[in-house]
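What follows is a set of notes on a single structure, which appears directly below.
Chain letters run A, B, ... following the sequence lines, proteins first and then strands; every chain starts at 1. Since the model is a prediction, treat every value here as computed from it, not as a measurement.
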2 protein chains.
Amino acid sequence: MGFPFDPTRPIYLQIMEEIKKRAVRGEIPPGGQIPSVRDLAKEMGVNPNTVARAYLELEREGFVFTKRGQGTYVTQDFARIEQERERLAESARQRFLKEIESLGLNEDQKAELLRKIEEDWS
Amino acid sequence: MGFPFDPTRPIYLQIMEEIKKRAVRGEIPPGGQIPSVRDLAKEMGVNPNTVARAYLELEREGFVFTKRGQGTYVTQDFARIEQERERLAESARQRFLKEIESLGLNEDQKAELLRKIEEDWS
DNA sequence: TATAGTGTACTATTTAGATAGTACAGTTCG
DNA sequence: CGAACTGTACTATCTAAATAGTACACTATA
């Protein structure tokens, strides 16, 4: 039990990211129901209030919607989910480039890094 | 003025990372003095106490040392700095791989990502 | 109709992070 | 010596995040 949270970042933000990833991976289909706040809280080992906050923010972003008394569901807009996948991939790429750039590596070191990534993906 | 901090992460951790990056880039040489807590606080627009905490943690890690009444200095151990560069690059790479993996991209999408990175580095 | 499962709205408490302000001891240098 | 720097050590206050507990309105279903 217990989700591997990064202790240096707010849990509710990490829950938001996890829900988005599950939808982007297709683990939850468009219009599909996400776990109830109580279930996910138990699954992740956190307080239900924290999950509720994550769902509230996700709804404000329009990524999920709620049916009162029934549950919370991922948006039915498939393009919205694809857009999220693209956005997450793009920000991961930019964050990586920025971090590497801040280290001032030389060409050889960058090439070596690239080689390792290719190795992982081949 | 004002350093571009990530509001979702503790400032003192980001200051620690910034000091390490400056040393890794060679901006501060081995044994070189880092800014005084008051100067860096002014430069970054934060409270001196926050910078002091970052320096304290950096000293616990052995990355810097202090001379009472004089200042704080980056370790003279060049290997220690190189090790830090390697560690930061490696963790950036792994974080990137993990993030991409969590999105469930297909081979084409991964190849496209790789192409963009190569483009940036060529 | 009762029961269980939804989201949601509270209050209260604790903790970590950040700020503000003050103070002090050690060092350097004019 | 004295002034201007260093790091460091306090106290106090504020805020965001997280927890715990309770409660309520809504919905589906046995």
Side-chain angles (χ1 to χ4, degrees), chain A residues 1-20 22-23 28-29 31-76, chain B residues 1-20 22-23 28-29 31-76:
Chain A
M1 210 169 322
F3 195 79
F5 291 111
D6 173 354
T8 73
R9 300 186 52 240
I11 294 177
Y12 80 95
L13 286 179
Q14 300 181 58
I15 294 177
M16 291 175 67
E17 291 160 3
E18 174 62 18
I19 294 298
K20 285 178 178 175
R22 290 186 185 184
I28 306 174
Q33 185 171 12
I34 69 180
S36 76
V37 290
R38 293 173 178 82
D39 280 355
L40 192 58
K42 188 165 290 184
E43 173 190 333
M44 291 184 161
V46 299
N47 193 283
N49 293 336
T50 307
V51 177
R53 172 162 186 193
Y55 285 13
L56 192 65
E57 300 285 343
L58 283 171
E59 188 168 27
R60 281 190 197 159
E61 289 186 6
F63 193 78
V64 304
F65 63 97
T66 62
K67 295 183 185 174
R68 307 192 56 173
Q70 295 186 16
T72 307
Y73 305 80
V74 171
T75 177
Q76 293 158 331
Chain B
M1 210 169 318
F3 194 79
F5 291 110
D6 173 354
T8 74
R9 298 185 53 239
I11 294 176
Y12 80 94
L13 286 179
Q14 300 181 58
I15 294 177
M16 291 175 66
E17 291 160 3
E18 174 61 19
I19 294 298
K20 286 178 178 175
R22 290 186 186 186
I28 305 174
Q33 184 171 12
I34 68 180
S36 76
V37 291
R38 294 174 179 80
D39 281 355
L40 191 59
K42 187 165 291 184
E43 173 190 332
M44 292 184 161
V46 299
N47 194 281
N49 293 336
T50 307
V51 177
R53 173 164 184 192
Y55 284 13
L56 193 65
E57 300 285 344
L58 283 171
E59 188 169 26
R60 281 189 197 160
E61 289 186 6
F63 193 79
V64 305
F65 63 97
T66 62
K67 295 182 185 173
R68 307 192 55 169
Q70 294 185 7
T72 306
Y73 304 80
V74 171
T75 177
Q76 292 158 333

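Using a 4.5 Å heavy-atom threshold, the side chains of A:Tyr55 and A:Ile19 count as touching. A:Arg53 places none of its side-chain heavy atoms less than 4.5 Å from the side chain of A:Pro10. The shortest distance between side-chain heavy atoms of A:Ile15 and A:Phe5 falls below 4.5 Å. Side-chain contact between B:Glu59 and B:Thr72 is absent, with no heavy atoms from C-beta onward closer than 4.5 Å.
Dashed line: the shortest gap from a side-chain N or O of A:Ser36 to OP1 or OP2 of C:dG5 is not under 4.0 Å.
Regarding B:Leu56, its CG atom lies at a distance of 12 Å from the P atom of D:dC10, rounded to whole Å. Summarising the geometry, the separation between CG on A:Leu40 and P on C:dG5 is reported as 17 Å, rounded to the nearest angstrom. When the C1' atom of C:dG7 is taken as reference, atom CG of A:Leu58 falls 14 Å away, rounded to whole Å. Here D:dA9 presents its P atom at 16 Å from OH of B:Tyr55, a figure rounded to the nearest Å. Spacing between atom CD1 of A:Ile19 and atom P of C:dG7 amounts to 11 Å, rounded to whole angstrom units. One can place CZ of A:Phe5 at 15 Å from P of D:dA17, the figure rounded to the nearest angstrom.
Across residues 59-71 of chain A, A:Arg68, A:Gly69, A:Gln70 each have a non-hydrogen atom less than 4.0 Å from an atom of DNA chain D (numbered order).
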B/S/- contact track for nucleotides 15-23 of chain C, protein heavy atom under 4.0 Å: --SSBBB-B

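The two residues A:Tyr12 and A:Ala54 have their closest heavy-atom pair at O-CB, 3.6 Å.
To the nearest 0.5 angstrom, B:Ile11 atom CD1 is 9.5 Å from B:Asn47 atom CG.
With salt bridges taken as basic N to acidic carboxylate O contacts below 4.0 Å, one links A:Glu57 and A:Arg60.
With a 6.0 Å radius and a threshold of 12 heavy atoms from other residues, nucleotides or ligands, B:Arg68 has its CZ atom at or below the threshold.
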